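Remember, predicted model here, so these are calculated numbers, not experimental data.
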Amino acid sequence: MIRAVIFDVGETLLRDDRYWASWADWLDVPRHTLSALVGAVVAQGRDNADALRLLRPGIDVAAEYRAREAAGRGEHLDDSDLYDDVRPALAELRRIGVRVVIAGNQTARAGDLLRALDLPADVIATSGEWGVAKPQPEFFRRAVETGQAPAEETLYVGDHPANDVFPAAAAGLRTAHLRRGPWGHLWASDPDVIAMADWRIDRLTDLAAIVSD
């Protein structure tokens, strides 16, 4: 039985296009250049912010983030950033009695922006608000606590093996790997992902049937 479903954010619920495009514009580099570098560093198992450090060696990412906010060019989200299956999938899970939690590696500001979207979720939290980020075990402990169900009755849904599937499974949660976005597609056929994920899905609307089984 699955009593709680916890969702990753970037490339699970939200398209990351706007986020990285805004960084490229701020740094005055072609958007494709930054996008390609993000893909390269993540495929190497590195922090995606290393793409910014490759473009601007010595950059203080946190300071630049604050400068963007001060200049009125900070984070922004609206419904156009959501994948089209997000609202119906979350709403259906709540309708059938599942607790819905959104918890990913985002800033505290992103948490505020997500809550402003009025998504059909019981709780929305970010690593910036919790002070701990994936893949740290404490993040998943907090996520399970927020889901209000035992780990074995909690499903974590995400696109990234190293940040989502593997650490969630290590924490005792059930896992669903989402074939979406660059990381979801890159690792969709990876033998370790296939072996570790309890389910592999193409759309979030697949989850209601899984939970109902």
Side-chain angles (χ1 to χ4, degrees), residues 6-68 74-75 77 81 83 102-110 126-128 130-143 156-171 173 175-202 204:
I6 304 174
F7 291 89
D8 169 49
V9 178
E11 291 302 335
T12 295
L13 304 182
L14 298 177
R15 299 166 57 99
D16 280 343
D17 308 51
R18 186 200 302 268
Y19 180 82
W20 291 112
S22 65
W23 267 112
D25 294 347
W26 177 257
L27 297 176
D28 195 25
V29 298
R31 293 180 175 184
H32 176 69
T33 298
L34 179 53
S35 179
L37 282 173
V38 171
V41 298
V42 173
Q44 293 170 1
R46 298 163 60 181
D47 179 3
N48 55 19
D50 282 348
L52 303 176
R53 299 181 182 104
L54 288 171
L55 287 168
R56 295 288 185 272
I59 187 175
D60 182 332
V61 176
E64 288 295 321
Y65 179 90
R66 292 190 295 271
R68 286 182 53 195
E75 287 188 87
L77 292 176
D81 296 296
Y83 280 99
I102 296 171
N105 278 358
Q106 268 74 35
T107 62
R109 167 66 174 158
T126 68
S127 58
W130 283 350
V132 63
K134 297 183 293 184
Q136 295 301 313
E138 175 63 14
F139 179 94
F140 292 94
R141 189 196 68 76
R142 291 286 299 272
Y156 195 87
V157 182
D159 61 307
H160 199 299
N163 278 348
D164 300 324
V165 176
F166 298 156
L173 287 76
T175 61
H177 181 248
L178 177 62
R179 188 174 181 267
R180 169 174 289 172
W183 327 132
H185 286 91
L186 179 63
W187 283 297
S189 300
D190 183 270
D192 292 334
V193 174
I194 293 171
M196 184 64 71
D198 294 289
W199 295 278
R200 293 183 297 138
I201 61 175
D202 292 317
L204 298 180

**Message:** Quick one, Trp26 with Glu64, criterion side-chain hydrogen bond (donor to acceptor under 3.5 Å, both in side chains). Give me CA distance, side-chain angles, the key distance, then yes/no.
**Reply:** CA-CA 9 Å; Trp26 177 257; Glu64 288 295 321; 2.7 Å; yes
**Request:** Could you give me the CA-CA distance, side-chain angles and deciding distance for Val41 and Leu54, then say whether side chain to side chain contact (heavy atoms under 4.5 Å, CB included) is met?
**Result:** CA-CA 10 Å; Val41 298; Leu54 288 171; 3.7 Å; yes
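- Taking each heavy atom of Ala51 and Leu34 in turn, the nearest pair found is CB-CD1, 3.8 Å.
- Not a single donor-acceptor pair under 3.5 Å links the side chain of Asn48 to the backbone N or O of Val42.
- A salt bridge links Arg53 to Asp47: one of the charged nitrogens lies within less than 4.0 Å of a carboxylate oxygen.
- Looking only at side-chain heavy atoms (C-beta outward), Ser35 and Trp20 stay at 4.5 Å or farther from each other.
- Residues Thr107 and Tyr65 are in side-chain contact: their nearest non-hydrogen atoms beyond the backbone lie under 4.5 Å apart.
- Closest heavy-atom contact between Ile59 and Leu52: CG2-O, 3.9 Å.
- In this structure a side-chain-to-backbone donor-acceptor pair under 3.5 Å is present from Ser22 to Arg18.
- In this structure, Asp50 CG and Leu55 CG are separated by 11.0 Å, a value rounded to the nearest 0.5 Å.
- Nearest heavy-atom pair, Asp8 versus Tyr156, reported as atom, atom and distance to 0.1 Å: CA-OH, 3.5 Å.
- Taking CG of Leu178 as the start and CG of Asp159 as the end, the distance is 6.5 Å to the nearest 0.5 Å.
- No donor-acceptor pair under 3.5 Å is formed between the side chain of Thr126 and the backbone N or O of Gly104.
- For Thr12 against Gly158, the heavy-atom pair with the smallest separation is OG1-CA, 3.6 Å.
- Here the options are Arg141, Gln136, Arg142, the test is side-chain hydrogen bond (donor to acceptor under 3.5 Å, both in side chains), and the partner is Glu138; only Arg141 passes.
- The closest donor-acceptor contact from the side chain of Asp60 to the backbone of Ala63 lies under 3.5 Å.
- Arg200 places no side-chain N or O within 3.5 Å of a backbone atom of Arg179 that could act as its donor or acceptor partner.
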**Request:** Test side chain to side chain contact (heavy atoms under 4.5 Å, CB included) on Val157 and His177 and set out the steps.
**Result:** CA-CA 6 Å; Val157 182; His177 181 248; over 6 Å; no
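- For the pair Asp81 (side chain) and Arg15 (backbone), a donor-acceptor distance under 3.5 Å is absent.
- Between the side chain of Asp190 and the backbone N or O of Val193, at least one donor-acceptor pair lies under 3.5 Å.
- Side chain of Asp164 to backbone of His160: a donor-acceptor contact under 3.5 angstrom is found.
- Of all heavy-atom pairs spanning Ile6 and Ala103, the tightest one is CG2-CB, 4.0 Å.
- Counting heavy atoms from C-beta on, the side chains of Arg180 and Leu204 come closer than 4.5 Å.
- Contact check for Val29 versus Arg56: side-chain heavy atoms found under the 4.5 Å cut-off.
- Under the 4.5 Å side-chain criterion, counting only non-hydrogen atoms from C-beta, Leu77 is not in contact with Arg109.
- When all heavy atoms of Ala43 and Leu186 are compared, the closest pair comes out as CB-CD2, 4.1 Å.
- When side chains are defined from C-beta on, Lys134 does not count as touching Ser127, because their heavy atoms never get closer than 4.5 Å.
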**Message:** Checking Val61 against Trp23 for the side chain to side chain contact (heavy atoms under 4.5 Å, CB included) test, could you report, in this order, the C-alpha distance in whole Å, the side-chain angles of both residues, the deciding distance, and whether it holds?
**Reply:** CA-CA 10 Å; Val61 176; Trp23 267 112; 4.3 Å; yes
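- Relative orientation of the Trp187 and Trp183 rings is tilted, given thresholds of 30° and 60° on the angle between their planes.
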